[in-house]
Number of protein chains: 4
Amino acid sequence: MDNMIITLDFKSDTPIYVQLRNEIVIGIGSGELADGEKLPTVRQMAEDLGINAMTVNKAYAILKNEGFISIDRRHGATVAPIGNGQPEFKEKLENELRLVISEASVKGIGREEFMQMCAGIFSSVSFKSTSITE
Amino acid sequence: MDNMIITLDFKSDTPIYVQLRNEIVIGIGSGELADGEKLPTVRQMAEDLGINAMTVNKAYAILKNEGFISIDRRHGATVAPIGNGQPEFKEKLENELRLVISEASVKGIGREEFMQMCAGIFSSVSFKSTSITE
Amino acid sequence: MDNMIITLDFKSDTPIYVQLRNEIVIGIGSGELADGEKLPTVRQMAEDLGINAMTVNKAYAILKNEGFISIDRRHGATVAPIGNGQPEFKEKLENELRLVISEASVKGIGREEFMQMCAGIFSSVSFKSTSITE
Amino acid sequence: MDNMIITLDFKSDTPIYVQLRNEIVIGIGSGELADGEKLPTVRQMAEDLGINAMTVNKAYAILKNEGFISIDRRHGATVAPIGNGQPEFKEKLENELRLVISEASVKGIGREEFMQMCAGIFSSVSFKSTSITE
DNA sequence: GTGGTCTAGACCACT
DNA sequence: GTGGTCTAGACCACA
């Protein structure tokens with residue numbers, strides 16, 4: 001965790017707490033943050049990023065709600081184990097993909113190139129569900 | 001275009017103009033809206049959907065800015081031809097994909113399943129960059 | 001809605017936003033707040049109750065997340081239609097009931113008396129699921 | 001008591017001492033813990049559950065305050081005899097029930113289904129006030 | 001020392 | 001004019 005880098009764009013339209021949430025999800029997905037690993041405390045993270053503690057709080061609360069992390073009254077926030085593809089999540093994912101694929105197609109990125117990009121991302125890092133830890 | 005269906009969810013968190021922008025992008029990507037085809041006027045679209053003209057205006061402006069449509073004072077809004085994968089777009093796309101793939105992985109959807117979902121979407125519709133006109 | 005009374009206990013241990021959430025749930029369940037009815041704006045509610053707008057905001061956000069209300073960007077918060085007994089909710093409900101029934105039993109309130117109390121509450125107001133509106 | 005099982009969820013939102021208090025109340029209500037039976041010492045309980053003694057202490061103090069157990073400096077904590085439905089308790093119970101019933105109604109669980117759930121819970125265990133000793 | 005709650009007040013995005 | 005975001009700073013509950 002120590003070497004995890006979180007980048008925020010304060011000029012972006014996407015709220016800071018969403019950006020933070022996304023960065024942490026990527027961190028978990030890419031294996032930088034392992035199961036059970038401890039996240040920085042709310043205040044620590046806030047100080048490191050130069051933002052308000054409530055903003056971090058909100059990001060953590062969402063991640064908890066989505067099942068990505070669990071917040072333990074004693075040990076703070078820790079990364080939760082991987083879930084199993086719930087149907088409702090798959091539906092949401094498919095909608096996201098349909099949009100992304102549309103954008104790519106219109107911009108001239110065809111099926112093969114798209115697939116290669118995905119493959120590249122999968123290869124670049126050790127994604128959790130590929131290397132079964134539990 | 002006449003038979004194109006645009007669905008808006010007024011209860012959704014995503015702003016109406018973003019939803020509209022997304023639906024049009026999907027429409028273009030899936031071939032429902034062909035190159036050079038004319039989009040309804042701002043007022044017409046607003047009336048059809050029961051939303052404010054300003055909202056449609058905003059969606060069109062974004063689409064134009066992103067290069068998906070071109071707006072001509074004489075002919076109104078028309079669908080722009082397919083672009084060629086600009087590097088800046090690819091970078092944006094890769095960031096989007098990295099997040100989506102992370103979410104999927106952590107939720108237990110591995111590489112193979114993910115690839116199959118993509119393939120399924122590509123097969124379901126005839127995307128522009130694969131079959132130019134339809 | 002105009003005559004709906006919300007009582008908060010500032011000395012209570014239960015957070016204000018939870019109290020507010022509970023009062024609104026009761027309001028909906030008892031039929032005081034009908035389907036589609038509009039709730040006061042965040043600021044209005046905050047002013048009426050003498051609390052901060054963010055506190056009301058949090059209560060509304062939870063109610064939205066639980067499916068009790070829906071927040072429309074145009075018309076503010078409105079009461080959502082009744083759901084259908086999802087299994088996960090039933091499980092939560094059963095746990096709650098098991099505790100409440102235990103407390104009652106130990107305090108000398110037996111099965112019959114307990115059932116009568118429930119019946120009394122059901123009779124006192126027109127609960128939504130008994131009088132099918134939709 | 002020896003075979004009584006207490007389950008705590010450290011990831012839950014409800015404080016540990018409340019969870020512990022609830023589990024003991026259910027234990028008493030269901031007859032697993034009989035009148036006059038001795039509860040483990042604070043330290044013993046704390047060690048068994050792997051929690052802090054202060055936390056157990058707090059739970060016991062609340063149970064005593066609510067009249068569920070009595071604490072004797074010589075004999076430790078023992079289960080108190082069944083109370084008789086005090087009016088103040090009934091009022092508290094009725095408030096709890098009103099909320100639970102509201103939630104159920106709005107979620108589509110009507111009067112009959114609710115009553116059946118209650119009956120099911122009453123049948124599943126021998127509650128104290130119905131069969132005094134077990 | 002941890003997260004959770006609450007406040008007052010400011011600014012922004014959306015319609 | 002609506003809800004949403006963000007801040008700084010205070011206080012509390014939990015373990």
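In what follows, every chain begins at residue 1, and chains take the letters A, B, ... in the order their sequences are listed. Hydrogens, waters and symmetry mates play no part in the numbers below; they use all other heavy atoms, side chains included. Note that the coordinates shown come from a computational prediction; the quantities given were computed from them, not determined experimentally.
- Once rounded to the nearest 0.5 Å, the distance linking NE2 of C:His75 with OG1 of C:Thr41 reads 14.5 Å.
- Separation of atoms CD (A:Glu37) and CG (A:Leu39) is listed at 7.5 Å; rounding is to 0.5 Å.
- Between A:Glu47 and A:Arg43 no salt bridge is recorded (no basic side-chain N to carboxylate O distance below 4.0 Å).
- The CE atom of C:Met54 sits 14 Å away from the C1' atom of F:dG9 (whole-angstrom rounding).
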Item to complete: Evaluate the criterion side chain to side chain contact (heavy atoms under 4.5 Å, CB included) for residue pair C:Glu103 and D:Glu66; output intermediate values, then yes/no.
Response: CA-CA 10 Å; C:Glu103 286 175 351; D:Glu66 293 179 313; 5.6 Å; no
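- Rounded to a whole Å, the OH atom of C:Tyr60 is 12 Å from the C1' atom of F:dT2.
- Each salt bridge (charged side-chain N to carboxylate O under 4.0 Å, His left out) pair with one or both residues in residues 53-63 of chain C, not counting sequence neighbours, would appear here, but there are none.
- The CD1-C1' distance, from A:Ile71 to E:dG4, rounds to 10 Å in whole Å.
- Nucleic acid contact class of B:Ile16 (heavy atoms, under 4.0 Å, all strands): sugar-phosphate only.
- Phosphate proximity of E:dT5 to C:Thr55: absent, as no side-chain N or O sits under 4.0 Å from OP1 or OP2.
- At most 12 non-hydrogen atoms from other residues, nucleotides or ligands lie less than 6.0 angstrom from NZ of B:Lys64.
- To the nearest angstrom, C1' of F:dC14 lies 15 Å from CG of D:Asp9.
- Within the 4.0 angstrom heavy-atom criterion, only backbone atoms of the sugar-phosphate kind lie near D:Tyr17; the bases stay farther away.
- What separates CG of C:Asn52 from P of E:dG4 is a distance of 19 Å, to the nearest Å.
- Distances shown here put a side-chain N or O of B:Lys58 below 4.0 Å from the OP1 or OP2 atom of E:dC14.
- C:Asp72 places its CG atom 11 Å from the P atom of F:dG4, with the value rounded to the nearest Å.
- A:Asn57 comes within 4.0 angstrom of a base, heavy atoms only.
- Side-chain N/O atoms of C:Arg43 and base N/O atoms of F:dG4 include a donor-acceptor pair closer than 3.5 Å.
- Across all strands, B:Ile51 comes closer than 4.0 Å to no nucleic acid atom at all (heavy-atom distances).
- Helical stems in DNA chain F, defined as runs of 3 or more consecutive Watson-Crick or G-U wobble pairs with both donor-acceptor distances under 3.5 Å, are listed by first residue as E:1-14 with F:1-14.
- As a whole-Å value, the separation of B:Ile62 CD1 from E:dC14 P is 8 Å.
- Annotation: of the two residues near DNA chain E, C:Val18 and A:His75, the 5′-most nearest-nucleotide partner is A:His75.
- No donor-acceptor pair closer than 3.5 Å links the side chain of D:Glu96 to the backbone N or O of C:Val100.
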